[in-house]
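Working notes, beginning with the structure itself.
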Amino acid sequence: MGHIFLLRKQAHELRMRQMVEEINLNRLTIEQGMAKYKVLTRQTVTKWLERVRQEEQQRTDPMKQATKEPPPTIVEQIALKADELAGRVKQLEKELEQSELQILYYKTVIRVAEQELGIAIEKKSDTKQSNSFD
């Protein structure tokens, strides 16, 4: 019994959609559609026209948004990544320069303290270490 109701409902919806399509394509007027598809009130036809229009709008809105901003191409993605990495390199270079200045500062403080106090603060190693900061 439920299957028959479902089939009737689907058949009715199909007929209403056919009517709306014909009206939208200007093949029929609303009155001609009412007569051809045996619809009793103009209100029913206008409800179906509005329903189909809203469904179409819901389908096309995401498509419009997608076409407004196309996804970045591979070249654009690579360029963005390169800019990002270049910024990171500059930041790291700045940090390295600051670290080198700090090391130089601390070495200078230690040397001055050694000279003024007359004691060895830095640990002398048996193996010769190369200092790139001297």
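This is a predicted model, so every value here is computed, not measured.
Side-chain contacts under 4.5 Å among hydrophobic residues (ILVMFWY), followed directly or transitively, place Leu101 with no other residue at all.
Cluster annotation: Met19 is connected to Ile30 through the hydrophobic network of ILVMFWY side chains, with a link wherever side-chain heavy atoms come within less than 4.5 Å.
Taking CZ of Arg15 as the start and CH2 of Trp48 as the end, the distance is 10.5 Å to the nearest 0.5 Å. Here CD of Glu21 is found 12.0 Å from CG of Leu49. Values are rounded to the nearest 0.5 Å.
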Atom pairs and distances, side-chain donor-acceptor, residues 71-84, under 3.5 Å, sequence neighbours left out:
unit_1, atom_1, unit_2, atom_2, d
Thr73, OG1, Glu76, N, 3.2
Glu76, OE1, Thr73, N, 2.8
Gln77, NE2, Pro72, O, 3.4

Show me the donor-acceptor pairs, under 3.5 Å and distance only, between side chains in residues 34-42 and residues at least two apart or in other chains.
unit_1, atom_1, unit_2, atom_2, d
Lys36, NZ, Glu22, OE1, 3.1
Lys36, NZ, Glu22, OE2, 3.2
Tyr37, OH, Glu22, OE2, 2.4
Thr41, OG1, Thr44, N, 3.3
Thr41, OG1, Thr44, OG1, 2.8
Arg42, NH1, Glu31, OE2, 2.3

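In this model, a donor atom of one side chain and an acceptor atom of the other lie less than 3.5 Å apart for Arg88 and Gln91.
A salt bridge links Glu56 and Arg59; the closest N-O separation between the charged side-chain nitrogens and carboxylate oxygens is under 4.0 Å. Between Glu13 and Arg17, at least one side-chain nitrogen of the basic residue sits less than 4.0 Å from a carboxylate oxygen of the acidic one, meeting the salt-bridge criterion.
With sequence neighbours excluded, the residues forming a side-chain contact (heavy atoms from CB on, under 4.5 Å) with Leu7 are Gln10, listed by chain and number. Not counting sequence neighbours, the partners of Gln102 by the side-chain contact (heavy atoms from CB on, under 4.5 Å) test are Tyr106. Every residue two or more places apart in sequence or in another chain that forms a salt bridge (Lys or Arg N to Asp or Glu O under 4.0 Å) with Arg53 is listed here: Glu50.
In this structure, Glu93 and Glu97 have side chains that are not in contact, with every pair of non-hydrogen atoms separated by 4.5 Å or more.
Residues Leu28 and Gln32 approach most closely at CA-OE1, 3.3 Å, considering heavy atoms. Here the shortest heavy-atom pairing between Ala113 and Ile121 reads CB-CD1, 3.6 Å.
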